[in-house]
2 protein chains.
Amino acid sequence: MAATSTDTGDRPLHPVARELAASTGFLLARLGVAFRGTAVVAVDDAGFEIHDYPVLAILGEADRETQATIADAIGLDPSRLVALLDSLERRDLVVRARDPHDRRRHVVRITAAGRVELGRLRALAGRIEEAFFEPLADGERAALHELLVRLAERHDPRCCPLDDPDC
Amino acid sequence: MAATSTDTGDRPLHPVARELAASTGFLLARLGVAFRGTAVVAVDDAGFEIHDYPVLAILGEADRETQATIADAIGLDPSRLVALLDSLERRDLVVRARDPHDRRRHVVRITAAGRVELGRLRALAGRIEEAFFEPLADGERAALHELLVRLAERHDPRCCPLDDPDC
DNA sequence: TATTGTTATACTCTATAACTATA
DNA sequence: TATAGTTATAGAGTATAACAATA
């Protein structure tokens, strides 16, 4: 098996080209997949699915969400969201109900059990974040976050709620 | 079709949960895929394949590379690298030759035409980078890069050549 | 006719496992 | 027996298209 990014001291790592390492966008992309990778294994180890948190979090903040709005927010195809909500519903973390005003729509709500699970996921996410950004001091983390928010305003505005004080 | 991140003013964007937008790791991951997405379309529009640049760049800096070292550096499975090198070889951008000291090995070298193409890709990468980080001032870009390098030292050391002054 | 959620299908990536030729 | 490259296969993830119910 090839060495992974979490290996420690077995040093025959073959580096990328220096001109690529000098590219901020390249680093951004590589670190993005690195973060997602650690999150996926941590979430999986804890018995969750990777998309549980984004969905439950959105329902925790604004219930009465419809499936199309959830899919749009988390960048998931509506057809994929179906199986995801099926899974959450089987675990009694969300409920789907027909919208009486437009019976084509499903209104999705988080349940009490869903809020408990959301709390666990939030704590887990905090631990993942803490471990990943451990090399940076608090001030540096804040500076990084602010720079990323500035980029997100341009390139991924769904990550910048208009009433978010960070934006 | 769902609105994409490159849309301009048609505003019914559904934001992610505020608690997710507050997560630096989440922003990192989302912006990483956003950058990669813009790079993929720009490279494709220019008639290249997305992995051409990492491979040619590594060969441009240190020729006599073997396939295993290239695959390890750019985080690609050796079996996938085969087709990639086939494509580059068909276009006469690289050559494969048996290593006389170990006839199992292929030594991969960049050609003169490959160096020309590498120059084009380097210029294109520069334009992509410039466009993506346009919201940030020069000093902010440098600060961001330095913070990302610090994280890469921990989480993706292949992105940090040991003799790189940035590291 | 258009839209919401759903189902079915296809396509891309990626990971794994065999195969060959060398060592 | 083990290794480098290759090929073949299978799996996950994603995108696209068709469908039923409702507007």
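Residue numbers start from 1 in every chain, and the chains themselves are labelled A, B, ... in the order their sequence lines are given, proteins ahead of strands.
Remark: C1' of dT4(C) and CD of Glu65(A) are 15 Å apart, rounded to the nearest angstrom. When rounded to the nearest whole Å, the span between CZ of Arg80(A) and P of dC11(C) equals 18 Å. Across the protein-nucleic acid pair, Asp44(B) atom CG and dC13(C) atom P stand 10 Å apart, rounded to whole Å. In this structure, the CG atom of Asp72(A) is 13 Å from the P atom of dA15(D), given to the nearest Å. When the C1' atom of dA4(D) is taken as reference, atom CG of Leu85(B) falls 13 Å away, rounded to whole Å. In this structure, CG of Leu81(A) is placed 8 Å from P of dT6(C), rounded to the nearest angstrom. Atom CG in Leu76(B) sits roughly 14 Å away from atom C1' in dG5(D) (whole-Å rounding). Distance, Ile74(A) CD1 to dG13(D) C1': 14 Å, rounded to whole Å.
Between Glu117(A) and Arg91(A), no side-chain nitrogen of the basic residue sits less than 4.0 Å from a carboxylate oxygen of the acidic one, so the salt-bridge criterion is not met. The pair Glu140(A)-Arg150(B) counts as a salt bridge, with a side-chain nitrogen and a carboxylate oxygen less than 4.0 angstrom apart.
Contact of the Tyr53(A) side chain with the Leu124(A) side chain is not registered, since no non-hydrogen atoms from C-beta on lie closer than 4.5 Å.
Counting only distance, with no hydrogens or angles, the side chain of Arg141(A) and the backbone of Leu136(A) share a donor-acceptor pair below 3.5 Å.
For the contact set between residues 103-110 of chain A and DNA chain D, defined by any heavy atom under 4.0 Å, the members are Arg103(A), Arg104(A). Within residues 87-101 of chain A, no residue has any heavy atom under 4.0 Å from DNA chain D.
Between Thr66(A) and dT4(C) there is no side-chain polar atom (N or O) within less than 4.0 angstrom of OP1 or OP2.
Using cut-offs of 30° and 60° for the angle between ring planes, the Phe132(B) and His155(A) rings count as parallel.
Evaluation of atom-type donor-acceptor distances gives a pair under 3.5 Å for the side chain of Ser79(A) against the base of dT16(D).
Counting only residues at least two apart or on different chains, the salt bridge (charged side-chain N to carboxylate O under 4.0 Å, His left out) pairs with a member in residues 27-37 of chain B are Asp156(A)-Arg30(B).
Comparing Pro78(B) and Asp102(A) by the nucleotide of DNA chain D whose heavy atom lies nearest to each, the residue mapping closer to the 5' end is Pro78(B).
The residue Asp77(B) sits close to a base: some heavy atom pair falls under 4.0 Å.
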